[in-house]
Amino acid sequence: MATLSIQHPIDLRSDTVTKPSVPMREAMAAAEVGDDQYGEDPTVRRLEETVAALFGYPDAMFVPTGVMANHIGIRLQVAPGEEVICDADAHIVAHENGGLAAHAGIQTRTLPSTRGLLDPAALAAMIRVGDRYTVGTRALEVENTHNRGGGAVYPIDTLREIRALADSFNLGVHLDGARIWNAHKASGVPLKDYGAIGHTMSVCMSKGLGAPAGSLVLLPPDRSEEARALRRRLGGSMRQVGILAAGAQYALENNLDRLSQDHENATRIAAALRAAGASVREPETNIVLVDVDDAPNVAKECFALGVRISPFGPKLLRIVTHLDVSAQDCDTAADVVSSVLMQSPERG
Ligand SMILES: Cc1ncc(COP(=O)(O)O)c(C=O)c1O
């Protein structure tokens, strides 16, 4: 095994681990604020209007997390006892602790997919109109980029087919766009074109863009009051939260263009691991998935050597690049992961 000297821990568990930069903190400290529950925080309002305009929606609402943004977006379209259809590995199914079922009585029905990207024909076969005996489908949910799909980007034509399908059945569409910024950078598809896919959409400011917290839910016409009431019910209405919105605004203005560096770094890690003999799925954005025999143990050994990566299942590792890791950090991390895998080839 190569002798590896790590100058500082390298954290590639998620793109949520970034810390606000000095200028971001300065922007946050200087933010003009007010009570957002009274709609009086000008910094929050500016962010909401900016993001709504970027995606072509009439309004947007700032919420603490992506989970809450997904919940409110879907709840606006699906009532308790009705169903939303999504892929079997969707974030709303895998990582939101059953919130749609627990808080809103919404049934999620899933179908398998490749890399999390739904096939419109398979989706069409799942839709149920609903009657006295049969639960009715009310909305379709898509995730772009797809987290468990390894940062996979939906082809825009597929998304348009899914939207057309929804229209033909009079269904809603919610787009989980936690990493829509990465999809936009990787594909060159304008944000407004992605915006046109959903009736509602969530976007995260605290992932690739590097804000410390905050997401927005993009809202359909005339649903802003209802959305704000739902946020209140979920305990997500905040007060002088312009401090966080200022970090998000800074992130949007300064960190969107650089996302391609994260994508290059992910490709770099994948290439190094593949060259070392690992079974790596080709990244499209900032997420690298590696198939191994014993993911928890590989992650533990990497951690002991100063590199943090996520076991993403018993046999799957996830490595995520972000603005707090350099190309050099990624090379070092790839060396460490490779050395652990090569040391225990039965794990790799
Ligand atoms: C695709 C996707 N949607 C939603 C979320 C939820 O974001 P948060 O953790 O801010 O609630 C995540 C978080 O990783 C995600 O990957």
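Values below: all heavy atoms of this structure, side chains included; hydrogens, waters and symmetry mates excluded. Each ligand, and each atom within it, is numbered from 1 in the order the structure gives.
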**Student:** My understanding is that we take every heavy atom of each candidate and find the minimum distance to atom 8 (P) of ligand 1. Doing that for Gly116, Gly66, Gly177, which one comes out nearest?
**Tutor:**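 It is Gly66 whose heavy atom sits nearest to atom 8 (P) of ligand 1.
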**Student:** Need the ligand 1 atom indices (1-based, order shown) with element for anything under 4.0 Å from a heavy-atom of Asp176.
**Tutor:** 1 (C), 2 (C), 3 (N), 4 (C)
**Student:** Looking only at side chains, do Arg233 and His103 share a donor and an acceptor under 3.5 Å apart?
**Tutor:** no
**Student:** Is any side-chain N of the basic residue among Arg274 and Glu282 closer than 4.0 Å to the acidic one's carboxylate O?
**Tutor:**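 Here Arg274 pairs with Glu282 in a salt bridge, since their nearest N and O are under 4.0 Å apart.
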**Student:** Given Arg179, Lys207, Glu143, His71, which one has a non-hydrogen atom that is nearest to atom 7 (O) of ligand 1?
**Tutor:**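 Heavy atom nearest to atom 7 (O) of ligand 1 belongs to Lys207.
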**Student:** Which atoms from ligand 1 have a heavy atom of Ala178 less than 4.0 Å away?
**Tutor:** 1 (C), 2 (C), 3 (N), 4 (C), 15 (C)
**Student:** With rounding to the nearest 0.5 angstrom, report the CG to CG distance, Asp293 to Asp291.
**Tutor:**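 Interatomic distance, Asp293 CG to Asp291 CG, rounded to 0.5 Å: 9.5 Å.
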**Student:** Ion pair present between Glu48 and Arg45, side-chain N to carboxylate O less than 4.0 angstrom?
**Tutor:**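 So Glu48 pairs with Arg45 through a salt bridge.
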**Student:** When you check the side-chain N and O atoms of Ser338 and Asp335, is any donor under 3.5 Å from an acceptor?
**Tutor:**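 Asp335 and Ser338 do not have a side-chain donor-acceptor pair below 3.5 Å.
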**Student:** For Glu96, state whether at least one heavy atom is located under 4.0 Å from any atom of ligand 1.
**Tutor:** yes
**Student:** Could you tell me, atom by atom, which parts of ligand 1 come under 4.0 Å of a heavy atom of Asn70?
**Tutor:** 3 (N), 4 (C)
**Student:** Which pair of non-hydrogen atoms, one from Glu141 and one from Ala90, has the smallest distance, and what is that distance?
**Tutor:**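 Looks like OE1-CB, 3.9 Å.
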**Student:** For atom 15 (C) of ligand 1, what's the nearest protein heavy-atom neighbour? Residue, atom name and distance, please.
**Tutor:** His91 CD2, 3.1 Å
**Student:** Have a look at ligand 1 and work out which part of Val67, if any, has a heavy atom under 4.0 Å from it: side chain, backbone, both or neither.
**Tutor:**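 Val67 to ligand 1: contacts from backbone and side chain alike.
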